[in-house]
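Here the structure comes first, spelled out in structure tokens, and everything after it is commentary.
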Amino acid sequence: MPGRDAPVPAATRWLFGDQLGPAFLDDHDGPVLLVESRRVFARRVFHRQKAHLVLSAMRHRAAELGDRCRYARVDRYRDALAEVGGQLQVIQPTSRAAVAFVRDLAAERDVERLPARGYVTTREDFTAWTGSRGRRRLLMEDFYREARRHHGVLMDGDQPVGGRWNLDADNREPPSKGQPTLGVPDPWWPTEDDVDAAVREDLDRWERDGDVTFIGVDGPRRFAATRAEALTALEDFVTHRLPHFGPHEDAVMTADPWMAHSLLSAPMNLGLLDPLEVVEAAEQAYRRGDVPLQSAEGFVRQVMGWRDYVWHLYWHLGEGYRHANRLGARRHLPAWWRDLDGDATDAACLAHTLNEVRDHGWVHHIPRLMILGNYAAQRGWRPDELTHWYHRAFVDGYDWVMVPNVVGMSQHADAGVMATKPYVAGGAYINRMTDHCGRCRFDPTKRVGEDACPFTAGYWWYLDRNRGRLEGNQRMTRALGGLDRLRDLDALVAQEDRRGSTPP
Ligand SMILES: Cc1cc2nc3c(=O)[nH]c(=O)nc-3n(C[C@H](O)[C@H](O)[C@H](O)COP(=O)(O)OP(=O)(O)OC[C@H]3O[C@@H](n4cnc5c(N)ncnc54)[C@H](O)[C@@H]3O)c2cc1C
Ligand code: SF4
């Protein structure tokens with residue numbers, strides 16, 4: 001016990017590894033704790049580049065904070081917490097498991113719990129919005145419009161600039177014909193430093209010692225790991241690439257992995273960039289006349305629409321949501337997929353995408369949704385295993401963002417809470433929106449036979465298997481009607497039953 005006149009020790013703010021930007025310190029000028037727990041990496045098989053990015057970002061932050069920061073390298077969180085006396089301050093963490101951990105801790109010692117930050121809208125905003133909905137669906141589009149009104153983003157008075165809320169219809173262009181890349185400037189890339197070198201050395205040693213294993217390959221760090229790098233990446237994106245963001249947002253080009261995407265999910269999810277400053281930078285570029293409205297709106301919709309909506313749904317839908325499996329998908333993820341072995345398959349789109357994840361721990365939204373997620377849904381793989389896999393394999397993967405995106409958006413395992421219809425499609429879609437099919441040994445127009453496209457066959461196989469569960473959905477009526485007209489359905493089902501999860 002301190003004596004009566006002894007100074008009360010300043011509260012220590014314990015920052016998680018995704019709370020690294022200035023917004024997570026606000027006016028706190030006391031000590032800071034960052035905990036590097038080896039057990040986190042020993043427990044799960046992460047992508048090598050994800051482990052590198054997170055450790056690099058944490059160690060860079062500790063170096064910036066200097067003597068104020070206690071950087072604990074321990075086995076378990078509790079080992080570090082036992083060394084810190086006085087009050088702990090904790091900003092609401094981003095996973096349910098971490099929130100439960102902090103709650104338990106608060107029963108044992110003095111913990112001040114502070115509200116979440118790092119999103120444009122607050123939990124209270126979302127709760128008020130859901131309360132105003134009555135029995136209407138919680139549509140992202142309506143939430144996004146409300147958020148734009150509330151924050152005055154891309155608004156002229158009470159109307160959206162340009163008179164339309166949604167410019168998606170202008171943003172669905174396929175890849176340009178005869179052009180291997182979009183032809184936009186490359187993203188800004190960070191330069192690695194001594195901190196990165198030390199992280200690499202540690203990861204190599206842990207792996208050699210058999211303490212941890214990784215998936216994917218090592219490679220140059222591609223994503224911002226400090227606030228300064230994140231601001232540079234944002235400025236570079238807004239200046240050089242945002243003007244091209246909109247039209248080809250949904251297209252995939254084999255020779256151009258990054259296209260006009262921002263690569264800002266990783267620094268935003270590490271807490272290094274505040275999404276509102278990202279949105280404001282995009283709006284200012286539009287107001288200056290540097291960026292067309294369809295690009296600015298398309299990008300703002302992703303950040304303050306989709307990203308915030310997904311964050312709120314994670315909490316709103318409850319603990320059980322992660323286990324939702326309303327289509328009864330029971331197959332386990334096969335080893336070739338888990339190990340990111342794109343070379344195992346002849347399907348050009350799948351091979352390329354899995355190998356990109358192996359090489360970078362990142363692909364853009366459409367390969368995540370319409371190639372990887374689409375294939376997993378068609379094959380009937382378990383949504384919980386798939387969520388776990390995406391979380392580990394992607395540099396920007398965290399529990400809050402993976403659960404709704406995988407369970408709800410990509411696997412329709414919630415029977416339509418998040419998306420009004422399943423995101424499944426056959427080879428015709430992939431042939432239209434990507435340039436993969438021209439160099440594939442399968443034919444996107446064939447559904448049965450030696451050269452039948454596994455996506456085209458898989459699409460009908462999925463509909464046949466889930467017919468009873470999808471029949472009540474009006475948006476599936478046409479697709480299910482098509483199924484009735486297939487004369488070779490029995491042969492197709494037998495073919496796909498045989499293929500199952502073996503690589504096509
Ligand atoms: C199955 C699946 C898994 C996904 N996993 C993740 C993930 O682990 N982490 C993650 O941040 N995003 C995830 N997304 C959303 C999206 O694919 C990525 O945010 C985006 O591809 C990241 O690249 P970018 O920063 O260049 O994005 P851009 O195309 O430049 O988009 C701008 C920003 O919008 C936000 N955004 C757009 N869509 C979403 C969304 N559906 N959910 C959340 N944020 C969104 C991101 O912050 C992104 O940085 C996933 C989507 C799907 C379908
Ligand atoms: S033909 Fe089918 S498997 Fe091949 S690239 Fe096209 S969609 Fe993918």
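Ligands are counted one by one from 1 in listed order, and the atoms in each one are counted from 1 as well. Predicted model, so just to flag it, every value in this text is computed and none were measured.
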Query - Residue and atom name of the nearest protein heavy atom (relative to atom 23 (O) of ligand 1), distance in Å to one decimal - result: Trp362 NE1, 3.2 Å
Query raised in the report: Who's the nearest protein heavy-atom neighbour of atom 33 (C) of ligand 1, and how far?
Result: Val303 CG2, 3.8 Å
Query - Numbering as shown, the atoms of ligand 2 that approach Pro454 to under 4.0 Å (heavy-atom distance) - result: 3 (S)
**Report entry** Closest approach of any protein heavy atom to atom 17 (O) of ligand 1, naming residue and atom
**Finding:** His365 ND1, 2.8 Å
Query - CZ/Arg288: more than 12 non-hydrogen atoms of other groups inside 6.0 Å - result: yes
**Report entry** Taking atom 1 (S) of ligand 2 as the reference point, the nearest protein heavy atom with its distance
**Finding:** Phe442 O, 3.5 Å
Report task. Report yes or no: is the cationic atom of Arg222 (NZ for Lys, CZ for Arg) under 6.0 Å from the centre of the six-membered ring of Trp189, at an angle within 45° of the ring normal? Result -> yes
Query - Nitrogen or oxygen of His364 less than 3.5 angstrom from that of ligand 1 - result: no
Requested in this report: For atom 5 (S) of ligand 2, grab the closest protein heavy atom and report residue, atom and distance to one decimal in Å.
Outcome: Cys349 N, 3.5 Å
Report summary line: closest protein heavy atom to atom 34 (O) of ligand 1 is Gln302 CB, 3.1 Å
Query raised in the report: Do any heavy atoms of Phe245 fall under 4.0 Å from ligand 1?
Result: yes
Query - Between CG on residue Asn325 and CG on residue Leu327, distance to nearest 0.5 Å - result: 7.5 Å
Query raised in the report: At what distance is the nearest protein heavy atom to atom 2 (Fe) of ligand 2, and which residue and atom is it?
Result: Cys453 SG, 2.4 Å
Report summary line: Ranked by distance from atom 24 (P) of ligand 1, the top protein heavy atom is Leu263 N, 3.6 Å
**Report entry** Closest approach of any protein heavy atom to atom 6 (Fe) of ligand 2, naming residue and atom
**Finding:** Cys437 SG, 2.3 Å
Query raised in the report: Are Lys50 and Tyr398 in a cation-pi setup, meaning NZ or CZ lies under 6.0 angstrom from the ring centre and within 45 degrees of the ring axis?
Result: yes
Query raised in the report: Of the protein's non-hydrogen atoms, which lies at the shortest distance from atom 49 (O) of ligand 1, and what is that distance?
Result: Ser265 N, 3.1 Å
**Report entry** Whether His332 side chain and Arg382 backbone form a donor-acceptor pair below 3.5 Å
**Finding:** no
Query raised in the report: Heavy atom of Tyr309 under 4.0 Å from ligand 1?
Result: no
Report summary line: Rounded to the nearest 0.5 angstrom, the NE2-CG distance for His60 and Leu55 is 12.0 Å
Query raised in the report: Under 4.0 Å from ligand 2, counting heavy atoms only, is it the side chain of Pro504, its backbone, both or neither?
Result: neither
Query raised in the report: Heavy-atom contacts under 4.0 Å between Met402 and ligand 1: side chain, backbone, both, or neither?
Result: side chain
Query raised in the report: With the threshold set at 4.0 Å, does a side-chain nitrogen-carboxylate oxygen contact exist between Arg133 and Asp142?
Result: yes
Requested in this report: Examine all N, O or S atoms of Cys440, backbone included, and report whether one is under 2.8 Å from atom 2 (Fe) of ligand 2.
Outcome: no
Query raised in the report: Tell me, which protein residue and heavy-atom name are nearest atom 2 (C) of ligand 1, and how many Å apart are they?
Result: Asn405 CB, 3.9 Å
Query raised in the report: Does Arg322 pair with Asp399 as a salt bridge, N-O distance under 4.0 Å?
Result: yes
Report task. Go through Glu450 and Arg441 one step at a time and tell me if the salt bridge (charged side-chain N to carboxylate O under 4.0 Å, His left out) criterion holds. Result -> CA-CA 10 Å; Glu450 185 46 33; Arg441 87 159 177 83; 3.8 Å; yes
Query raised in the report: Which atoms of ligand 2 sit under 4.0 Å from any heavy atom of Ile430?
Result: 7 (S)
Report task. May I ask you to list the atoms of ligand 2 that are less than 4.0 angstrom from any heavy atom of Pro444? Result -> 1 (S)
**Report entry** Check: His261 N/O within less than 3.5 Å of ligand 1 N/O
**Finding:** yes
Query raised in the report: Heavy-atom contact under 4.0 Å between Phe299 and ligand 1?
Result: yes
Report summary line: When distances are taken from atom 43 (C) of ligand 1, the protein heavy atom at minimum range is Val401 CG2, 3.6 Å
Report summary line: One finds that the ligand 1 atoms under 4.0 Å from a non-hydrogen atom of Val310 are 42 (N)
Query - Heteroatom distance test (Asn269, ligand 1): nitrogen or oxygen, under 3.5 angstrom - result: yes
Report task. Measure the CH2-NE2 distance between Trp362 and His47 for me, rounded to the nearest 0.5 Å. Result -> 13.0 Å
Query raised in the report: Do His436 and Arg439 meet the criterion of a side-chain donor-acceptor pair at a distance under 3.5 Å?
Result: yes
Query raised in the report: Any chance the side chains of Thr387 and Asp384 put a donor and an acceptor closer than 3.5 Å?
Result: no
**Report entry** Lys/Arg N to Asp/Glu carboxylate O, Glu385 vs Arg331, below 4.0 Å
**Finding:** no
Query raised in the report: Would you say the side chains of Trp336 and Thr345 form a donor-acceptor pair under 3.5 Å?
Result: no
Report task. Would you kindly say whether Arg475 and Thr420 are connected by a side-chain donor-acceptor distance under 3.5 Å? Result -> yes
Query - ligand 1 contacted by Tyr390 (non-hydrogen, < 4.0 Å) - result: yes
Report task. Please indicate whether any nitrogen or oxygen in Leu264 is less than 3.5 Å from any nitrogen or oxygen in ligand 1. Result -> yes
Query raised in the report: Mind checking whether Val291 and Phe299 have side chains closer than 4.5 Å, heavy atoms only?
Result: no
Query raised in the report: Numbering the atoms of ligand 1 from 1, which are under 4.0 Å from a heavy atom of Met268?
Result: 47 (O), 49 (O)
